Student: 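Dropping the structure in here first, questions after.
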Amino acid sequence: MNLRRHRKTAATALLAAAALLVSGCTGSGASSEGADAKAADDPAKVSGAITVLTHRTDWVQDGTMNKYAEEFRKIYPKVTVKFDGITDYEGEVKIRMNTKNYGDVLMIPGAVKKNDYPKFFASLGTQAERGKKYQFTAFTTVGGKVYGQSPLGVAPGFLYNKKVWQDAGITDWPTTPAAFLTGLKAIKAKTDAVPYYTNFKDMWPLTQWTQAMGSVGCAIQANNDLVDHDPWAQGSELRTIDTLLYDMVHDKLVEKDPSTTNWEGSKPQLAKGQIATMWLGSWAISQFRAAAETAGTNPDDIGFMPFPVQVDGRFCAVAAPDYAQAVNVNSPHKEAARAWIDWFTEKSGYAADNLALSPLKGAPMPDVLQPYADNKVRFIELDQEKAALVDDIDNAAEIGLKKPDYRQDLVDLARGAKKGSLDGFLDDLSKRWTEAARTTGS
């Protein structure tokens, strides 16, 4: 889900390796001992050379990540940090995790089942303890222990060019999916901008739509409810979310050929007003504002609006973690790796540099989300009690709520590249899910 930069891959070997990983098969056979304790009270006693796997290839290339490492070494002078920037992060790391060699610190790939975390990652401590200080610990907790920590939080929303929307006569955030579609139609009629850009080809942006779950009903139990309820029943959150995506494509409010989209190219296009809207997350605001500065346009034109549904007259937005950093259970330098994660989370300024939500409890909201505060958008955090079971059902149903495939099929259906009806498509998802739910975990 985020600062993520996934890239599509069709390699058969990769898919085979991914299947092994998702099923919990690994060649390491390692246990998760050795990282419960905090890094030594005396940083001078912590030593070792660690490799940090990261998806932030842009910041590896421009030296930003090395600047963080330099600051870290001022406190931990005996620890050397090396970064391995990976463009196809999900694909490549899934392959590496079939060995013991997947760095000392890494972001937990989305394909790793939650219940398998102890097989691959060292514990960072108990949730009871870490939860006092940090947000989002429930997302990576298994058996009362935390196995990963996100260095920032995000909220989902539509990145949009405010000037384009205003030129189309829309000054207020739409409060219903129908009003949102009406706004896109006005943009198509009154401007030259593409009303909505799918980022279909890069695939991973389509996974961002799942992050709207919880925002529609303002329900903290939205994820847990997937265990006992049909996710695509009439009036359900996922049906509302997927229907909006379908309608945008079906009504030709998107780019002419989704198969030719380009993620990096979409940033300056939205900044210049050639694209009006994209569903992403608050993590993207800084990237699009930077693109506006590079393009010579006004960064203040980059806006952010919530999913177009209100509950009791208020919008809701789900605060969630981005990639969580974890310690490789096989690392010979777990103490140094743990020291990096704690420092990076608490002291590096990474969240502020990304204009993102801080993982520290009680931290102020970033300025970029001030419009959410001004409009009294309610922030919620989804309960994660049944998250592992939801993942198991999802895998058994072969749908992939955290993967792009089924929404690529949805877009293909909407644009006529795939035969069928929306109701038939969603009903099939419902059938597969409910059948898997009957047998999974029983």
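Given the structure is predicted, the values throughout are model-derived calculations rather than measurements.
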Student: Step by step, would you call Phe83 with Trp340 a ring-ring contact (aromatic ring centres under 6.0 Å, His included)?
Tutor: CA-CA 12 Å; Phe83 298 100; Trp340 167 262; 5.7 Å; yes
Student: Can any side-chain N or O of Thr210 pair as donor or acceptor with the backbone N or O of Leu401 at less than 3.5 Å?
Tutor: yes
Student: Evaluate side chain to side chain contact (heavy atoms under 4.5 Å, CB included) for Asn115 paired with Asp392, printing each intermediate quantity in order.
Tutor: CA-CA 9 Å; Asn115 280 340; Asp392 288 342; 3.9 Å; yes
Student: Indicate yes or no: at least one non-hydrogen side-chain atom of Phe72 is less than 4.5 angstrom from one of Lys347.
Tutor: no
Student: Is it true that Asp394 and Lys403 make a salt bridge, defined as a side-chain N closer than 4.0 Å to a carboxylate O?
Tutor: no
Student: Do the charged groups of Asp116 and Lys114 touch, with an N to O distance under 4.0 Å?
Tutor: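 Salt bridge between Asp116 and Lys114, a charged N being under 4.0 Å from a carboxylate O: no.
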Student: Between Arg130 and Asp342, does any NZ, NE, NH1 or NH2 come within less than 4.0 Å of an OD or OE carboxylate oxygen?
Tutor: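 So Asp342 pairs with Arg130 through a salt bridge.
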Student: Of the non-hydrogen atoms in Phe379 and Ala155, which two are nearest, and what is the gap between them?
Tutor: CE2-CB, 3.8 Å
Student: Does anything in residues 366-385 form a salt bridge (charged side-chain N to carboxylate O under 4.0 Å, His left out)? List the pairs, not counting sequence neighbours.
Tutor: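 As it turns out, there is no salt bridge (charged side-chain N to carboxylate O under 4.0 Å, His left out) pair with a partner in residues 366-385 once direct neighbours are skipped.
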Student: What pair of heavy atoms forms the shortest contact from Thr207 to Pro404, and how long is it?
Tutor: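 Smallest heavy-atom distance, with atoms named: CG2-N, 3.4 Å.
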Student: Before accepting this row, confirm whether a basic side-chain N of the pair Arg239/Asp242 lies closer than 4.0 Å to the acidic partner's carboxylate O.
Tutor: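 A salt bridge is absent here (no side-chain N lies under 4.0 Å from a carboxylate O).
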Student: Side chains of Tyr323 and Trp283: any donor to acceptor distance under 3.5 Å?
Tutor: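 Result is no, nothing qualifies.
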Student: Write down the atom of Thr57, the atom of Gly85, and the distance for their closest heavy-atom approach.
Tutor: CG2-C, 3.6 Å
Student: For Tyr196 and Trp165: C-alpha separation, side-chain torsions, deciding distance, then whether ring-ring contact (aromatic ring centres under 6.0 Å, His included) applies.
Tutor: CA-CA 11 Å; Tyr196 183 83; Trp165 277 71; over 10 Å; no
Student: So, for Trp279 and Phe307, is the gap between ring centers shorter than 6.0 Å?
Tutor: yes
Student: Can a side-chain donor-acceptor contact be found between Glu71 and Ser348 if the only test is distance below 3.5 angstrom?
Tutor: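 Absent: no donor and acceptor within the cut-off.
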Student: Can a side-chain donor-acceptor contact be found between Asn328 and Arg96 if the only test is distance below 3.5 angstrom?
Tutor: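 No, because no side-chain N or O of Arg96 sits under 3.5 Å from a partner of the opposite role on Asn328.
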Student: Given ring-ring contact (aromatic ring centres under 6.0 Å, His included), test Trp343 with Tyr76 step by step and report yes or no.
Tutor: CA-CA 10 Å; Trp343 177 87; Tyr76 293 91; 8.3 Å; no
